[in-house]
Amino acid sequence: ARDPFRFPESWALTLAALGLSILPVLLLYLISVWWFLPQVPWALMLALGLGELVFWPLANVVIYAYQGFERMGRSARMMLTPVLARLAAALGLLLAVVRGDVGDRLVLWGGLYAAASLAAAAYAHYRVARDLGRPRWPGRRELIGHIRAGVPFSLLGGAGKLYLDADKFLLARLAGLETAGIYSAGYRFVDLAFLPLYALIAAAVPRLFRAGANGTAHSLRAALPLLGPALSYAAAAGLGLFLAAPLIPRLLGDSYEGAVPVVRWLAWLPLVTFPRLLMQSALVTGDRQAFGVITLSMGATVNIGVNIWWIPLWRWQGAVVATYLAEVIMIVIIIALRRLMQNSDKCTA
């Protein structure tokens with residue numbers, strides 16, 4: 001995004017770093033399968049591992065190549081490539097079952113799944129080479145620097161995943177699977193309301209990276225115009241979720257009646273979360289990835305700690321309040337870090 005002419009080198013470094021990370025992850029997966037799931041066919045687990053841990057990341061990384069050039073339409077279509085390939089695999093399995101010439105259906109599905117992921121990855125890289133250019137290897141020293149720069153992004157992704165999913169598995173552990181299922185079902189409807197907000201940030205990220213080349217203050221200034229429209233949408237979406245929540249049992253069945261209050265409690269989460277997402281994006285695109293990691297890690301820690309305390313007392317209501325509390329605390333942390341950066345810049349000047 002900052003220098004399109006560097007794409008061939010950046011693309012080569014990305015593929016090399018991805019290849020180096022895929023191998024140990026695949027090895028860890030195979031050891032885990034051998035240890036924990038000895039009764040599952042080995043051919044199935046190997047095929048699923050190749051499809052999910054090798055071929056899918058190779059197809060998925062193409063999305064960001066197009067995003068860097070702000071070709072969001074092509075990026076979105078590349079997101080659909082693995083989905084359509086897997087749909088074709090599922091239809092192939094269905095055809096084989098209907099014809100009746102299938103031995104082990106699970107093993108067949110694993111093979112079709114891996115083949116579909118491989119086909120998606122091959123097509124995606126063909127498109128990149130045609131549209132954006134081929135990779136050009138710059139050297140081992142550049143690869144080491146590239147991996148070092150990527151570590152904060154990896155930690156950021158891990159902390160974000162932990163923050164988003166901690167309440168679900170803690171509810172399952174501390175309040176039972178039924179409560180966790182109702183909470184997760186309600187949360188999925190709120191996730192749908194987040195999609196336009198995530199799309200807005202994804203579309204803005206290349207411009208934020210360009211602005212962030214001059215410092216976090218510039219990336220934050222570039223991000224601020226998004227705040228008003230996004231908050232207006234989040235408020236409207238929250239109101240819509242609150243009013244439409246009673247329709248959930250009609251969509252999912254009477255057993256999901258308990259998801260109605262969950263959606264109503266969580267309806268305002270996009271409104272509370274987006275300022276944090278936007279400020280966090282400004283930190284990351286302004287080369288302050290470590291501050292983003294600190295923010296999300298502290299948010300995850302608060303979320304987990306409060307969930308362990310409040311879920312036994314108030315069940316899913318405790319999880320909801322813990323989520324809102326963690327979001328507010330992360331906003332406070334980002335503001336404090338921002339002031340710390342400003343004071344540091346003044347002292348340096």
Side-chain angles (χ1 to χ4, degrees), residues 1 60 63-64 66-68 70-73 75-80 153 156-157 159-168 183-212 216 219-245 262-286 288-289 291-293 295-296 299-300 303 319-320 322-335 338:
N60 188 61
I63 298 168
Y64 304 105
Y66 284 102
Q67 187 181 7
E70 294 191 73
R71 297 182 61 173
M72 305 308 297
S75 179
R77 288 192 290 275
M78 287 295 102
M79 291 180 70
L80 285 175
F153 288 95
L156 195 67
K161 187 68 174 174
L162 179 64
Y163 170 70
L164 288 174
D165 289 343
D167 51 356
K168 283 82 168 178
Y183 178 82
S184 297
Y187 211 109
R188 288 294 172 262
F189 285 93
V190 179
D191 279 341
L192 292 176
F194 269 106
L195 290 179
L197 299 177
Y198 290 142
L200 179 65
I201 291 178
V205 158
R207 279 170 282 174
L208 298 185
F209 266 113
R210 282 198 296 272
T216 308
S219 60
L220 183 61
R221 194 175 300 121
L224 284 178
L226 304 175
L227 190 59
L231 291 183
S232 299
Y233 160 78
L239 181 60
L241 285 170
F242 187 88
L243 296 176
V262 174
V263 171
R264 285 187 158 175
W265 278 55
L266 289 170
W268 312 109
L269 190 58
L271 188 65
V272 176
T273 300
F274 186 78
R276 189 264 302 174
L277 288 174
L278 195 63
M279 289 189 288
Q280 179 181 300
S281 298
L283 287 176
V284 172
T285 55
R288 297 285 187 171
Q289 295 88 5
F291 286 171
V293 173
T295 301
L296 263 180
N303 196 25
V320 172
T323 299
Y324 280 111
L325 178 62
E327 287 292 345
V328 172
I329 288 176
M330 284 191 287
I331 291 174
V332 172
I333 291 172
I334 292 176
I335 293 173
R338 172 68 185 142

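What you see is a predicted model, and the numbers here were worked out from it, not measured in a lab.
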Side-chain heavy-atom pair [X], [Y] within 4.5 angstrom cut-off:
X    : Y    : value
W265 : Y324 : no
L192 : L195 : yes
Y187 : L269 : yes
F291 : I333 : no

query = Taking atom types as modelled and ignoring hydrogens, do the side chains of D167 and Y183 form a donor-acceptor contact shorter than 3.5 angstrom?
reply =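 A pair is found: one side chain offers a donor N or O, the other an acceptor, under 3.5 Å apart.
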State, to 0.1 Å, how close [X] and [Y] come at their nearest heavy-atom pair, and which atoms those are.
X    : Y    : answer
A245 : R264 : CB-CG, 3.7 Å
F209 : A1   : CB-CB, 4.2 Å
W268 : G238 : CZ3-C, 3.5 Å
P196 : Y233 : CG-OH, 3.3 Å
V293 : L156 : N-CD1, 3.5 Å
A267 : L241 : CB-CB, 3.9 Å

Using 0.5 Å steps for rounding, measure from the [atom1] atom of [X] to the [atom2] atom of [Y].
X    : Y    : atom1 : atom2 : value
I329 : I334 : CD1   : CD1   : 12.5 Å
I63  : R71  : CD1   : CZ    : 14.5 Å
I201 : L197 : CD1   : CG    : 7.0 Å
F274 : Q280 : CZ    : CD    : 11.5 Å
I335 : R276 : CD1   : CZ    : 13.0 Å
T216 : L208 : OG1   : CG    : 11.5 Å

Looking only at atom types and distance, does a side-chain atom of [X] sit under 3.5 Å from a main-chain N or O of [Y], one as donor and one as acceptor?
X    : Y    : answer
S219 : A211 : no
Q67  : A202 : yes
Y66  : A76  : no
S281 : L277 : yes

query = Would one find more than 12 heavy atoms of other residues, nucleotides or ligands at under 6.0 Å from atom OH of Y64?
reply =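 Check fails, neighbour count at 12 or below.
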key: M72, CE: over 12 other non-hydrogen atoms inside 6.0 angstrom   =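 Yes, CE of M72 has more than 12 neighbouring heavy atoms, counting only those of other groups under 6.0 Å.
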request  = Could you check E70 against R207 for side-chain contact (heavy atoms from CB on, under 4.5 Å), going step by step and ending with a plain yes or no?
outcome  = CA-CA 8 Å; E70 294 191 73; R207 279 170 282 174; 3.4 Å; yes
request  = Under the side-chain contact (heavy atoms from CB on, under 4.5 Å) rule, what do T273 and F194 come out as? Steps first, then yes or no, please.
outcome  = CA-CA 9 Å; T273 300; F194 269 106; 3.8 Å; yes
